[in-house]
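This structure is a prediction, so every number in the text was calculated from the model and none was measured. As the structure lists them, so they are numbered: ligands from 1, and atoms in each ligand from 1.
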Amino acid sequence: MYWNSEIETIDRAALEKLQLERLKKTLRNAASTPFYSQRFAESKIDISKITRLEQLRELPFTTKNDLRVSYPDGMLAVPRDEVVRLHASSGTTGKSTVIFYTKTDIEQWADQVARGLFAAGIRRSDVFQNMMGYGLFTGGLGLHYGAEHLGCLVIPTATGNSHKQVELMQDFRATLMHITPSYSLHLAEIVQGEFGIDPHDLPVKKAILGAEPYSEGTRDKIEAIWGVEAYNNYGLSEMNGPGVAIECEYKTGMHCVEDYYIAEIINPETGENLPDGEIGELVLTHINREAMPIIRYRTRDLTRFIPGQCECGRTLRRLDRMTGRTDDMLIISGVNVFPSQIEGVLMGVPEVGNNYQIVVDRDHNLDRLHVKVELYAKMFTGDIKELDRLKVSITNKLKSVIIVTPRIEFCEPGTLPASTGKAVRVIDNRKL
Ligand code: ADP
Ligand code: ZN
């Protein structure tokens, strides 16, 4: 079943034709902004001469810094009167950037999110508890409007206030939650520990997870603890917000809303486009937006296109799980390490609990990697030798993946800082 079968099962040639039409319109719109009028004047290609989709590749990239420099409205393409809302990024990597929306932009975003939720099997009969931050952050309101558009009953609980979350979930029989992976694990502990309930006994059957990188192992863990089907949802404020790509019921990658976005994968070092299937940095062009068109935006997120067709019949291409951000990468003693590699190993170890933290220090000019790993409570009541064996085993597994040898410290449940929004897993003391 499709929300919009014409678009979702469109053939490639027809999609590319639509993309080209929308791209040309978007470029004309962008050219009316102070930022892009200058950018296009300096670029090798005249935007009015674009006749093929590939020519987009001749235009320069837009970076987060460009958005910062043109703050507050150097990229605004419509009169102020037509703007009905603004959002800002979370500022995970510095000063946040601001995005504007017209009424049409908001309606189209809601439609796009509704399509994604529908693909994940969500229907109007679902009760949708939205545990993402409301406010400037796009996560809360983005899915809120989409789920309402689909016809769900939306409970706008936002993040935190965990006791209330559980009560509302029980009282209004929420069947679906939208939550960060890290908060879902924390909330499960509260359900078990403070309410004495098995999360399986709650009415929630599905979860939409997003806003931060997480591994397949973490998804498995969340599904097992909660007894839910969990679907990955990717987005970023620069491109509206969540709903750029959402998994369908087959959970084999996120269908990118290609009638709204042109997605490219580039080599982050050279800027060259990579062949399909290779991992690189995702670059997005929004081709269906009025207030703030952004061309070739470097997301800094690493992923790839999954080759082949999805069994659901949607022809929109699938993006793989993000393996991290280019700026997440830690260089430890000269070796490139992604936090997602560490998470991938930890979540594959059955004794490992729901939380971990990565700390990097520099001691006498040597980098030291320290990984604090939460174990399930039962591990602290048994044989101490068992813990030693586990420590050696985890150290070796990590070493074989990341090359660097970490120092492992085991922690009891609840002793590491828990997050209700985007988790902060890495503390790099070398930068302080
Ligand atoms: P900030 O860049 O300040 O965090 P946003 O609030 O717009 O701004 O967050 C968007 C970012 O969140 C994405 O660029 C990506 O790094 C991360 N993100 C969002 N959804 C996912 C997801 N499903 N998997 C991995 N990372 C995600
Ligand atoms: Zn599919």
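- Under a 4.0 Å criterion applied to the non-hydrogen atoms of G235, ligand 1 contributes the atoms 10 (C), 13 (C), 19 (C), 20 (N).
- Contacts between L236 and ligand 1, counted as non-hydrogen atom pairs separated by less than 4.0 Å, involve both the backbone and the side chain.
- For R325, a nitrogen or oxygen atom sits less than 3.5 Å from a nitrogen or oxygen atom of ligand 1, counting backbone and side chain alike.
- By the 3.5 Å distance cut-off applied to N or O atoms, S237 is counted among the residues near ligand 1.
- Near F137, meaning under 4.0 Å from any of its heavy atoms, are these atoms of ligand 1: 6 (O).
- Under a 3.5 Å cut-off, the side chain of Q129 and the backbone N or O of Q165 do form a donor-acceptor pair.
- Of the polar atoms of T138, none of the N or O atoms is found under 3.5 Å from an N or O of ligand 1, judged by distance alone.
- Contact atoms of ligand 1 toward S89: 3 (O), 7 (O), 8 (O) (distance under 4.0 Å to a heavy atom of the residue).
- Nearest approach of N130 to H178, heavy atoms of both residues: OD1-ND1, 2.8 Å.
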R298 and D66: CA distance, side-chain angles, deciding distance, salt bridge (Lys or Arg N to Asp or Glu O under 4.0 Å) verdict: CA-CA 11 Å; R298 290 192 63 156; D66 293 329; over 6 Å; no
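- H286 and Y260 have perpendicular rings, their planes meeting at more than 60° on a 0 to 90° scale where under 30° would count as parallel.
- Remark: side-chain polar atoms of N29 are paired, donor with acceptor, to backbone N or O of E290 under 3.5 angstrom.
- Residue contact check: G210 has heavy atoms under 4.0 Å from atoms 23 (N) of ligand 1.
- Distance alone, capped at 3.5 Å, is enough to place a donor-acceptor pair between the R39 side chain and the F61 backbone.
- For A211, every heavy-atom contact with ligand 1 shorter than 4.0 Å involves the backbone, none the side chain.
- Closest heavy-atom approach to atom 15 (C) of ligand 1 among the candidates I99, D301, N233: D301.
- Proximity of K422 to ligand 1 is established by a heavy-atom distance of less than 4.0 Å.
- If you put the vertex on the Zn ion (ligand 2), SG of C310 and NE2 of H255 sit 110° apart, to the nearest 10°.
- Counted within 6.0 Å of CD on Q38, heavy atoms from surrounding residues, nucleotides or ligands total 12 or fewer; the atom is thus considered open.
- In this structure, Y145 has its ring center at least 6.0 angstrom away from the ring center of W109.
- Ring geometry for Y134 against H144 counts as perpendicular: the plane angle is over 60°, on a 0 to 90° scale with 30° as the lower cut.
- At least one heavy atom of K64 sits less than 4.0 Å from an atom of ligand 1.
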